[in-house]
Amino acid sequence: MGSEASARGLLVVMSAPSGAGKGTLRRALLDRRRDIVFCPSVTTRKPRPGEIPGGDYLFVSEDEFERKVRAGELIEWARVYDHLYGTPGAALESLLDGGYTVLVEKDVQGAKALRSRYPDAVYVFVLPPSFEELKKRVERRGTESPGEVGVRLQSYAEELRQVGHYDYVIVNDDLDTAERKLEAIITAERCRVSRNLGRLDVAAKEAEAAGVLSTSGRVDEKGRF
Ligand code: ADP
Ligand code: 5GP
């Protein structure tokens with residue numbers, strides 16, 4: 001284990017009821033932190049005004065999406081609100097191998113699918129301060145028809161039931177406060193013993209070389225040597 005385990009990046013999976021502000025939160029944090037990256041999903045949804053192709057999503061046709069599914073390029077995918085969304089496996093793996101902290105945004109089914117593949121990832125649920133405020137935010141965003149807004153608000157209760165599957169909840173009331181909470185979660189998770197085995201290995205070897213410690217030669221996944 002040792003150094004390879006700690007060189008791997010941290011995966012942060014974020015879910016939220018549509019309109020709670022997870023995209024806004026993610027953009028605010030990424031503007032400040034160059035060591036944190038976003039791995040965009042592939043979708044058949046059309047870009048919203050201001051969304052950057054390749055930045056927010058990889059926008060593709062239904063045919064191209066189906067080709068990716070057949071080619072095994074998506075490690076999970078789902079139909080959400082009439083559009084297809086999926087996680088490109090190669091892009092995600094290459095960012096994690098690069099040691100980055102990688103944010104992804106998934107619906108509750110996508111987060112569940114990733115949980116079995118990435119049990120070490122951190123799962124964060126973003127809540128709106130109230131249902132009233134959620135409704136206002138979706139309507140103010142103005143990117144969905146009244147019918148689509150209705151469908152999204154209807155899903156809220158079902159999504160709330162899934163919060164127990166997540167590790168952390170952030171209430172996105174004041175944006176700055178929510179951003180600081182997300183940053184604090186990432187900082188704490190990066191300090192876990194299990195993510196710092198490489199550093200422990202170096203410290204143990206150094207102490208051994210100095211003659212003050214004798215080890216079994218390797219650090220295990222709990223940091224024992
Ligand atoms: P999501 O990605 O969760 O669907 P968005 O990031 O698109 O949500 O945000 C939905 C709307 O709410 C946007 O118009 C955004 O500007 C607004 N918004 C997001 N966070 C806040 C906040 N903390 N306070 C007020 N408005 C917010
Ligand atoms: P939106 O269209 O509002 O950007 O996203 C709709 C929903 O699809 C959100 O809950 C978002 O998190 C989710 N979503 C985005 N990408 C993926 C993905 O790759 N897989 C799954 N399962 N859900 C996704």
Side-chain angles (χ1 to χ4, degrees), residues 11-31 38-60 64-65 68-69 73-92 95 102-118 121 123-145 148-156 158-160 162-163 165-166 169-182:
L11 175 60
V12 182
V13 181
M14 302 216 310
S15 300
S18 181
K22 70 179 169 339
T24 305
L25 185 55
R26 179 247 304 168
R27 281 187 284 270
L29 184 62
L30 263 63
D31 274 353
F38 179 60
C39 184
S41 306
V42 179
T43 185
T44 58
R45 165 165 87 56
K46 297 279 168 287
R48 292 180 183 134
E51 277 186 333
I52 302 166
D56 292 292
Y57 277 108
L58 302 163
F59 298 99
V60 298
E64 175 60 5
F65 194 97
K68 284 178 182 293
V69 171
E73 292 177 18
L74 306 179
I75 53 176
E76 70 73 42
W77 63 274
R79 184 172 284 278
V80 192
Y81 312 128
D82 265 359
H83 304 289
L84 297 167
Y85 297 84
T87 306
L92 179 56
L95 289 170
V102 185
L103 298 192
V104 295
E105 293 175 6
K106 306 293 157 196
D107 78 330
V108 290
Q109 39 184 342
K112 216 179 233 178
L114 289 183
R115 176 71 97 170
S116 52
R117 194 173 181 120
Y118 295 102
Y123 293 79
V124 180
F125 197 93
V126 179
L127 270 181
S130 66
F131 184 73
E132 247 339 276
E133 176 64 16
L134 177 68
K135 194 160 172 276
K136 273 194 207 140
R137 286 184 190 174
V138 187
E139 286 168 356
R140 209 184 306 135
R141 185 169 65 190
T143 51
E144 281 83 27
S145 68
E148 286 170 324
V149 168
V151 171
R152 281 163 192 254
L153 294 175
Q154 285 293 325
S155 312
Y156 180 56
E158 207 34 62
E159 288 165 340
L160 271 188
Q162 307 296 325
V163 178
H165 294 292
Y166 290 75
V169 166
I170 296 176
V171 177
N172 181 21
D173 190 347
D174 171 63
L175 185 62
D176 274 358
T177 308
E179 188 191 334
R180 275 176 216 302
K181 287 181 179 171
L182 179 57

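Atoms considered below: every heavy atom in the structure, side chains included; atoms not considered: hydrogens, waters and symmetry mates. Every number for a ligand or one of its atoms is a count from 1 in the order of the listing.
- Comparing heavy-atom distances from atom 19 (O) of ligand 2 across H83, R141, K106 singles out K106 as nearest.
- Heavy-atom proximity to E105, at under 4.0 Å, picks out these atoms of ligand 2: 12 (O), 14 (N), 15 (C), 16 (N), 17 (C), 24 (C).
- Annotation for ligand 2: atoms under 4.0 Å from non-hydrogen atoms of E76 are 18 (C), 19 (O), 20 (N), 21 (C), 22 (N).
- Any N or O atom pair closer than 3.5 Å counts here, and R48 shares at least one such pair with ligand 2.
- Among G21, A178, S18, the residue whose heavy atom sits closest to atom 8 (O) of ligand 1 is G21.
- Looking at R152 against ligand 2, only its side chain comes within 4.0 Å, counting heavy atoms.
- Contact analysis puts R45 in contact with ligand 2, with a non-hydrogen atom separation below 4.0 angstrom.
- Counting the atoms of ligand 2 from 1 in the order shown, those under 4.0 Å from a heavy atom of A78 are 22 (N).
- Between D173 and ligand 1 there is a heavy-atom distance shorter than 4.0 Å.
- Using cut-offs of 30° and 60° on the angle between ring planes, the pair Y57 and Y85 is tilted.
- Every atom of ligand 2 with a heavy atom of T87 under 4.0 Å away is listed here by number and element: 19 (O).
- Counting heavy atoms under 4.0 Å from ligand 2, residue V80 touches it through the side chain alone.
- Residue nearest to atom 25 (C) of ligand 1, selected from E105, R137, K22: R137 (by heavy-atom distance).
- Of all the heavy atoms of K22, the ones lying under 4.0 Å from any atom of ligand 2 belong exclusively to the side chain.
- With a 4.0 Å heavy-atom cut-off, ligand 1 is reached by no atom of V126.
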